[in-house]
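Since this is a predicted model, take the numbers as computed values, not measurements.
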Amino acid sequence: MRQKQEFILPPTPDLSAEQAAIAAGYHRVCGIDEAGRGPLAGPVVAAAVILPPDYELPGLNDSKKLTARRREELFASLMADESVQKCIATADVQEIDELNILRATHLAMARAAQGLVPPPSYCLIDGLAVPNFPLPSTNLVKGDARSLSIAAASVLAKVTRDRYMTELAREYPQYGFDRHAGYGTKAHMQAIRQYGITPHHRRSFAPVAQMELPLGL
């Protein structure tokens, strides 16, 4: 009986996928990841990153595996390093509601990749395949745990979005955006019921639409 093949991920992301693409003739290989597909409020944020050959940054990993403090430290290191080429882009709430969250996420990813100058010759995209992506690309499931450039992109996207939601909390303190980043927590749902929705809520998302409340504060 044929045994099922098992794929073992490396303990931390590395540059294997990037090096394979370079060996295939692509000289500017970027990693792309996003943050904010699931929340009920706020934009979706994507980042594209090209790392130097043999790049090392101790502790760089999938942003979901890091503490908020460690993400901030890594974010600062990545942003300060001029040898790291990066671009961060968004799709706003209006685009999410008009296009749907999947297409808006793909739009933000394309904007991030095309924002690199010069543009990458190949893109490693976290997650499932992205149809009609404007640049040569491949998808890597759990790419943020496999590819170092995708891990870097995940940190940049996550920290950028968290900072945005923290700023939004200053404008709308009653919603607690700084605590839940717009996700549908019990406290967030209670705030929507009590105060209505804001211009930053995704009206196309069922939990928001079902409230049938007027545009809030």
Give every residue pair that meets the ring-ring contact (aromatic ring centres under 6.0 Å, His included) criterion with at least one member in residues 16-47, sequence neighbours excluded. Tyr26-Tyr122
Keeping to residues at least two apart or across chains, list the side chain to side chain donor-acceptor pair (under 3.5 Å) pairs with something in residues 97-111. Gln94-Glu98, Glu95-Arg111, Asp97-Ser204
Considering residues at least two apart in sequence or located in another chain, which fulfil the side chain to side chain donor-acceptor pair (under 3.5 Å) criterion with Thr67? none
Heavy-atom closest contact (Ala91 atom, Ala108 atom, distance): N-CB, 3.8 Å
Common cluster, Leu116/Met109, ILVMFWY with side-chain heavy-atom separation under 4.5 Å: no
Students should find that the hydrophobic cluster of Leu99, defined by side-chain heavy atoms under 4.5 Å apart, otherwise consists of Leu107
May I ask you to decide if Val155's main-chain N or O and Arg71's side chain share a donor-acceptor pair within less than 3.5 Å? no
So Asn61 and Pro13, do their side chains get closer than 4.5 Å, heavy atoms only? yes
Sequence neighbours excluded, which residues qualify as side chain to side chain donor-acceptor pair (under 3.5 Å) partners of Ser16? Asp14
Residues which pass side-chain contact (heavy atoms from CB on, under 4.5 Å) with Asp144, listed by chain and number, not counting sequence neighbours: Asp33, Asp62, Lys64, Asp126, Ile150, Ser154
Taking all atoms of both residues into account, what is the closest heavy-atom pair of Gln174 and Ala191, and its distance? O-CB, 3.7 Å
Return a table of donor-acceptor pairs under 3.5 angstrom between the side chains of residues 127-140 and protein atoms on other chains or two or more places apart.
residue, atom, partner, partner atom, Å
Asn139, ND2, Gly127, O, 3.0

Look up atom NZ in Lys86 and atom OG in Ser149, then write down how far apart they are to the nearest 0.5 Å. 13.5 Å
With clusters defined by side-chain heavy atoms of hydrophobic residues (ILVMFWY) lying less than 4.5 Å apart, directly or transitively, does Phe177 cluster with Tyr195? yes
Tell me which donor-acceptor pairs under 3.5 Å the side chains of residues 41-60 have, and how far apart each pair is, sequence neighbours excluded?
none

For residues 176-188, the side chain to side chain donor-acceptor pair (under 3.5 Å) pairs (sequence neighbours left out) are His188-His201
Looking at Phe205, is Arg202 sitting on its ring face, NZ or CZ under 6.0 Å from the six-membered ring centre and within 45 degrees of the normal? yes
Minimum heavy-atom distance Cys87-Gly115, with the two atoms named: SG-CA, 3.6 Å
Any Lys/Arg nitrogen of Glu72 or Arg163 sitting under 4.0 Å from an Asp/Glu carboxylate oxygen of the other? yes
Pairwise distance SG(Cys123) to CD(Gln114) - rounded to 0.5 angstrom: 9.0 Å
Please say yes or no: joined through hydrophobic side-chain contacts below 4.5 Å, possibly via intermediate residues, are Val93 and Ile88 part of one cluster? no
Residues two or more places apart in sequence or in another chain: which of them pass side chain to side chain donor-acceptor pair (under 3.5 Å) with Glu167? Arg170
Is there a continuous path of hydrophobic side-chain contacts, each under 4.5 Å between heavy atoms, that joins Leu40 to Ile101? yes
Any chance you could lay out the side chain to side chain contact (heavy atoms under 4.5 Å, CB included) test for Val29 and Gln19, step after step, and finish with the verdict? CA-CA 9 Å; Val29 181; Gln19 291 165 353; over 6 Å; no
Spell out, yes or no, whether Ile22 and Leu15 are grouped together once hydrophobic residues are joined by side-chain heavy atoms under 4.5 Å, including indirect joins. no
Classify the ring geometry of Tyr172 against Tyr175: parallel below 30°, tilted from 30° to 60°, perpendicular beyond 60°. perpendicular
Donor-acceptor contact present, side-chain Arg146 to main-chain Ala17, <3.5 Å: no
Whether Thr90 side chain and Asp92 backbone form a donor-acceptor pair below 3.5 Å: no
Set of side-chain contact (heavy atoms from CB on, under 4.5 Å) partners for Glu73, sequence neighbours left out: Arg69, Arg70
List the residues meeting salt bridge (charged side-chain N to carboxylate O under 4.0 Å, His left out) with Arg37, not counting sequence neighbours, and say none if there are none. none
